[in-house]
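Remember, predicted model here, so these are calculated numbers, not experimental data. In each ligand, atom 1 is the first atom listed, and ligand 1 is the first ligand listed.
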Amino acid sequence: MPTTTALPASPVSPPPSLPDARGRFGRFGGAFVPEILQPVLADVREAWEAAKADPEFQAEYRRLLRDYVGRPTPLTRCDRLTERLGGATIYAKREDLCHTGAHKINNAIGQVLLARRMGKERIIAETGAGQHGVATATACALFGIECVVYMGSEDIERQNLNVKRMRLLGAEVRPATSGSQTLKDATNEAFRDWVSNPTTTYYIIGSAIGPHPYPAMVRDLHRVIGEETRAQLKEQTGSETPDAVVACVGGGSNAIGIFAPYVGDADVRLVGVEASGEGLDGRHAATLSKGEPAVFHGTMTYLLQDADGQVEIAHSISAGLDYPGVGPEHAYLKDAGRVEYRTATDAEALDAVRLLSETEGIIPALETAHAIAVLESLAREIGAGGTLVFNCSGRGDKDMATISAHLFDDDSARLGASAAQPTEAG
Ligand SMILES: *Cc1c(COP(=O)(O)O)cnc(C)c1O
């Protein structure tokens, strides 16, 4: 078990068998980008392979995870939640306690280190909830690197606090005004920028998505979540393996980070939870449940499409899950039957925010709440005496306006439009 002084267990080293040399996870993954970006991606691949194998790079990365991010994050046994739900003993992996309030900083720090190693002088990123933008702006401030963050105009509205954070950190926030004005449009803008500035600029993708090598690189940078969980669970329960591990899935980075060290343990159930928004028959973001394989943002994966094959606008109450694609490794793990993917609605997520807040004194992010929403049924399926770990991917401060508008009608009326920015009426 890592102590406060030990460096986190070597998070980027274990060579996984997938993806293959072309970045494929079975029929998913790959690198489908304009020709001008092929050599740029090849550079990133080469630099990442070299960095992974370089003990100095690893030591610097692990030092920053410990001394800047605050790792290892705790594994908290949730006694009152366990009692309330009546089944398996539930543990929370506390990524909400990372610097900046979510898991995303693990990835941002690693990729900024890589960009520096490659001699890049400018960083671009896309962001949905604003969390990846904040994490990237934070890492850029730490190293004094220029930072431009693309963000959908709708997300700029509903995540205004994070926009202010990014500006305070010295980043420029550029609105993406096309399409649904959310994460997928911000991603398009970021790709456009990269095509125009391929030599000076490094593009930090914020989830386990995009062209090879990003899905594998982002997984490897978040793998520390699962590695720590194993060691901490062993110390607390005597066994590294729980009966099940649960995480919410947007692009899939917090989920793949905690799943990766468990994929080889056939007796550990892995459960990913997507956002079913208003319900699977209404507007939602349940890509793995309802999507079809297609090439999207440089990778072959499941994608929400309409009858004409156009990208469908995803909906979730949480901006971080509001993405019509999903990481290609999740597409593979779904087809392989290794991971079960479930869904939770907006309403179920709101109930789950209240549940964790009241029972454990932890206000989770709306994204995280989707994972919490399936704990009751899962804890009962596993039963008393079993163990269940969920990835508490982030804290709810950034979502308080949305949460209060839905849970406290009176307050939202009093707060008015200046403070509360609900995405939906209600
Ligand atoms: C961004 C975000 C997510 C969704 O992203 P993944 O890549 O699927 O992990 C989940 N939880 C929080 C707190 C986030 O900020």
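The protein atom (non-hydrogen) at minimum distance from atom 1 (C) of ligand 1 is K104 NZ, 1.4 Å. For atom 11 (N) of ligand 1, the nearest non-hydrogen atom of the protein is S393 OG, 2.8 Å. The protein heavy atom nearest to atom 7 (O) of ligand 1 is S207 OG, 2.5 Å. When only non-hydrogen protein atoms are considered, atom 6 (P) of ligand 1 lies nearest to S253 N, 3.3 Å. Shortest contact from atom 4 (C) of ligand 1 to any protein heavy atom: G320 O, 3.6 Å.
For ligand 1, none of its N or O atoms has an N or O atom of A365 under 3.5 Å away. Checking only distances, G251 does come within under 3.5 Å of ligand 1, N or O to N or O. Taking distance alone, with nitrogen or oxygen atoms compared against 3.5 Å, T368 stays at or beyond that limit from ligand 1. At under 3.5 Å, not a single nitrogen or oxygen of E367, backbone or side chain, sits near a nitrogen or oxygen of ligand 1. Of the polar atoms of Q131, none of the N or O atoms is found under 3.5 Å from an N or O of ligand 1, judged by distance alone.
Of the candidates C248, G128, G252, the one placing a heavy atom closest to atom 8 (O) of ligand 1 is G252.
A salt bridge does not link E83 to R80: none of the charged nitrogens lies less than 4.0 Å from a carboxylate oxygen. Contact check on R77 versus E235 returns no salt bridge, with no Lys/Arg side-chain nitrogen under 4.0 Å from an Asp/Glu carboxylate oxygen.
Using a 3.5 Å distance cut-off with no hydrogens or angles, the side chains of N188 and H297 do pair a donor with an acceptor. In this model, a donor atom of one side chain and an acceptor atom of the other lie less than 3.5 Å apart for T241 and S239. Side chain to side chain, T343 and E274 fail the donor-acceptor criterion of an N or O pair below 3.5 Å.
Contact annotation: E95 has no heavy atom less than 4.0 Å from any atom of ligand 1.
If you look at Y323 and F296, their ring centroids are closer than 6.0 Å. Between H330 and F28, the ring center distance fails the sub-6.0 Å criterion.
Counting heavy atoms closer than 4.0 Å to ligand 1, residue H103 contributes side-chain atoms (C-beta onward) but none from N, CA, C or O.
One distance of note links CG of D397 with CD1 of I403; it measures 9.0 Å at 0.5 Å rounding. For the atom pair L378 CG and L85 CG, the distance stands at 10.5 Å (nearest 0.5 Å).
Within ligand 1, the atoms closer than 4.0 Å to a non-hydrogen atom of G250 are 8 (O), numbered from 1 in the order shown. Taking a cut-off of under 4.0 Å to the non-hydrogen atoms of G394, the atoms of ligand 1 that pass are 13 (C).
With E95 as reference, R71 is the one residue of K104, H222, R71 to meet the side chain to side chain donor-acceptor pair (under 3.5 Å) rule.
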